[in-house]
Colleague: 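Encoded as structure tokens, here's the structure I'll be asking about.
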Amino acid sequence: MLHGASSRRSDALHPTVIPDDVDCPEDASSGVGYWLVRTSPNYSGLLGSGYGSGVRRAKDSPYELVRYAQPRLHALRNLRSNWDGEGGEAATTDAIIAMDEILKKVADRRTVFPYLSPDGEGGVLAEWHAKEQKIEIEVDAVGEANFYATDQAGKTVLEDGVNPTTEWKLRRLLLDLSARVDRENPTWRDLFAR
Amino acid sequence: MESIPPEWNDPNISDEDWIYRRVLNRPDFFTQSDVLTGEPRIGRNAFKFDSDGMSVYRHGLIVEHRLTLAQIRRNSGYFLYKVAVGTVRKLSAGVVDDPDTDDPVIGIAHASVRCELVIKPPPAQRRVIQEGLIAAAQLVLVNEPV
């Protein structure tokens with residue numbers, strides 16, 4: 001049911017979206033109904049020549065976060081060698097693709113932006129800190145990812161690799177964190193305006 | 001401390017000594033904010049481990065070799081943070097002197113934060129150490145006396 005296929009924009013930052021009044025079937029792997037068709041962005045999307053086959057409901061589109069994250073991921077991939085004066089390497093293409101795909105899977109229009117940083121060995125880290133509550137997505141140089149999260153008391157509630165269950169958990173945790181941040185710090189976007 | 005092998009935690013280095021960690025401020029990957037409070041914080045990768053440990057400079061060596069904190073920071077593209085060696089040890093890590101022979105100016109004051117057996121710990125342990133160091137890190141003004 002590719003309603004948006006004919007109107008898909010070439011801009012990588014504009015995924016095809018489905019109007020809110022279109023029924024959205026349950027996602028078999030996660031038990032939640034946020035996917036119409038599981039987004040499968042490809043690297044050409046990240047490079048700007050197309051977004052892949054991503055089709056999502058308008059209200060769930062992570063467009064804003066993707067627009068924030070993609071140029072930053074580009075920058076991490078294009079770091080010069082020894083960018084930190086300690087032999088740091090740029091993020092690898094595998095790491096960038098993996099992070100991009102995960103962000104698109106676990107984020108939606110409500111998601112607070114993450115801070116993205118290189119690990120100096122080809123990997124990338126996405127971090128959200130809200131007092132004691134933390135969420136991290138850590139991707140290494142070969143694209144292997146791990147999730148980590150704490151609750152508002154700082155207790156670890158997620159520490160695992162990527163699978164449908166942990167993706168669903170991470171999505172819920174991000175939604176909770178984002179709702180809290182949006183409620184208590186509605187101007188949070190100002191933190192990223194640089 | 002007797003049971004700790006010196007190659008990852010030198011018992012001759014005092015808990016009261018300090019380590020200095022340079023943190024890149026441009027680009028600003030590591031200059032972050034708490035998304036709830038807006039308070040500035042340091043990104044976790046600012047205290048990253050390399051294969052031979054986390055690169056730091058030790059206060060005792062800086063004094064011994066008459067170096068300055070401005071030299072340790074190198075230039076305005078970095079912030080300089082300090083953490084007590086005792087704090088490192090409370091996080092189950094250690095400090096060893098690790099001269100950087102490629103750096104004839106300040107390499108003599110170089111040290112490394114390492115962990116027992118692994119030097120670079122696995123992700124979960126690494127996270128605890130990095131977060132602990134970040135929580136304890138104090139920003140250093142380079143014109144203050146050593």
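Keep in mind that this is a model prediction, so the values were computed, not measured. Letters A, B, ... are given to chains in the order of the sequence lines, protein chains preceding strands, and every chain is numbered from 1.
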Colleague: Quick check on the interface: out of A:Lys134, A:Lys131, A:Glu184, who has the most heavy-atom pairs with chain B under 4.5 Å?
Modeller: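 Counting heavy-atom pairs under 4.5 Å, the top option is A:Lys131.
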Colleague: Is chain A contacted by the side chain of B:Tyr78, its backbone, both, or neither, given a heavy-atom distance below 4.5 Å?
Modeller: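 The side chain, not the backbone.
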Colleague: Taking the side chain as everything from C-beta on, heavy atoms only, tell me whether B:Lys48 gets closer than 4.5 Å to A:Asp84.
Modeller: yes
Colleague: For a quick test of reading the model, state the closest non-hydrogen atom pair linking B:Gly38 to A:Leu191 and the distance between them.
Modeller: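 Looks like CA-CD2, 3.9 Å.
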Colleague: Check whether A:Arg183 gets within reach of chain B through its side chain, its backbone, both or neither, counting any heavy atom under 4.5 Å.
Modeller: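 Nothing of A:Arg183, per the 4.5 Å heavy-atom cut-off to chain B.
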Colleague: Verify, without hydrogens or angle tests, whether A:Glu127 (side chain) and B:Arg44 (backbone) share a donor-acceptor contact under 3.5 angstrom.
Modeller: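 Side chain of A:Glu127 to backbone of B:Arg44, a donor-acceptor pair under 3.5 Å: yes, one is there.
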Colleague: Taking all non-hydrogen atoms of both residues into account, name the closest pair between A:Ser117 and B:Asn45 and its distance.
Modeller: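 Answer, listing the atom of A:Ser117 first, then B:Asn45: OG-ND2, 3.2 Å.
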Colleague: Quick one: are A:His129 and B:Val35 in side-chain contact, heavy atoms under 4.5 Å?
Modeller: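 Contact flag for A:His129/B:Val35 side chains = no.
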Colleague: Do B:Trp18 and B:Val63 sit in the same hydrophobic cluster, where Ile, Leu, Val, Met, Phe, Trp and Tyr count as joined when their side-chain heavy atoms come under 4.5 Å apart?
Modeller: yes
Colleague: Would you mind checking which part of A:Leu125 comes under 4.5 Å of any heavy atom in chain B, side chain (CB onward), backbone (N, CA, C, O), both or neither?
Modeller: both
Colleague: Using the rule that Ile, Leu, Val, Met, Phe, Trp and Tyr join whenever any side-chain heavy atoms are under 4.5 Å apart, tell me whether B:Leu139 and B:Ile134 fall into a single cluster.
Modeller: yes
Colleague: Is the shortest heavy-atom distance from the side chain of B:Pro123 to the side chain of A:Tyr148 under 4.5 Å?
Modeller: no
Colleague: Heavy-atom cut-off 4.5 Å, strictly under: side chain, backbone, both or neither for B:Glu131 against chain A?
Modeller: side chain
Colleague: Heavy-atom distance under 4.5 Å to chain A: side chain of B:Asp100, backbone, both or neither?
Modeller: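 The answer is neither part of B:Asp100.
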Colleague: Got a second to check how far A:Phe192's CZ is from B:Ser33's OG, nearest 0.5 Å?
Modeller: 7.5 Å
Colleague: How many angstroms lie between CH2 in A:Trp128 and CD in B:Gln32, if you round to the nearest 0.5 Å?
Modeller: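 A:Trp128 CH2 to B:Gln32 CD: 11.5 Å, rounded to 0.5 Å.
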Colleague: Looking at CZ of B:Arg127 and CD of A:Glu136, how far apart are the two atoms once the value is rounded to the nearest 0.5 Å?
Modeller: 5.0 Å
Colleague: Please look at B:Ala46 and chain A and tell me whether the side chain, the backbone, both or neither of the residue comes under 4.5 angstrom of a heavy atom of that chain.
Modeller: neither
Colleague: Against chain B, label A:Val112 side chain, backbone, both or neither, depending on which of its atoms sit under 4.5 Å from a heavy atom there.
Modeller: side chain
Colleague: Measure up the A:Trp83 and B:Phe29 rings against each other and bin them: parallel (under 30°), tilted (30 to 60°), perpendicular (over 60°).
Modeller: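 Aromatic pair A:Trp83/B:Phe29 classed perpendicular.
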Colleague: If hydrophobic clusters are built from ILVMFWY residues whose side chains come within less than 4.5 Å, do B:Ile119 and B:Ile13 share one?
Modeller: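 Hydrophobic grouping puts B:Ile119 apart from B:Ile13.
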Colleague: Starting from B:Val118, can I reach B:Val113 by hopping between I/L/V/M/F/W/Y residues whose side chains sit under 4.5 Å apart?
Modeller: no
Colleague: Going hydrophobic residue to hydrophobic residue with side-chain gaps under 4.5 angstrom, can you get from B:Val85 over to B:Leu61?
Modeller: no
Colleague: Is it the side chain or the backbone of B:Arg74 that comes within 4.5 Å of chain A heavy atoms, both, or neither?
Modeller: neither
Colleague: B:Ala124 and A:Glu159: which non-hydrogen atoms are nearest, and at how many Å?
Modeller: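 Heavy atoms only, the tightest pair is CB-OE2, 3.1 Å.
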Colleague: Please report the interatomic distance CG(B:Leu36) to CD(A:Gln133), rounded to the nearest 0.5 Å.
Modeller: 8.5 Å
Colleague: Among A:Pro118, A:Gly120, A:Gly123, who wins on heavy-atom pairs under 4.5 Å with chain B?
Modeller: A:Pro118
Colleague: Charged N to carboxylate O under 4.0 angstrom, A:Glu138 versus B:Arg126?
Modeller: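 Yes, charged N to carboxylate O under 4.0 Å.
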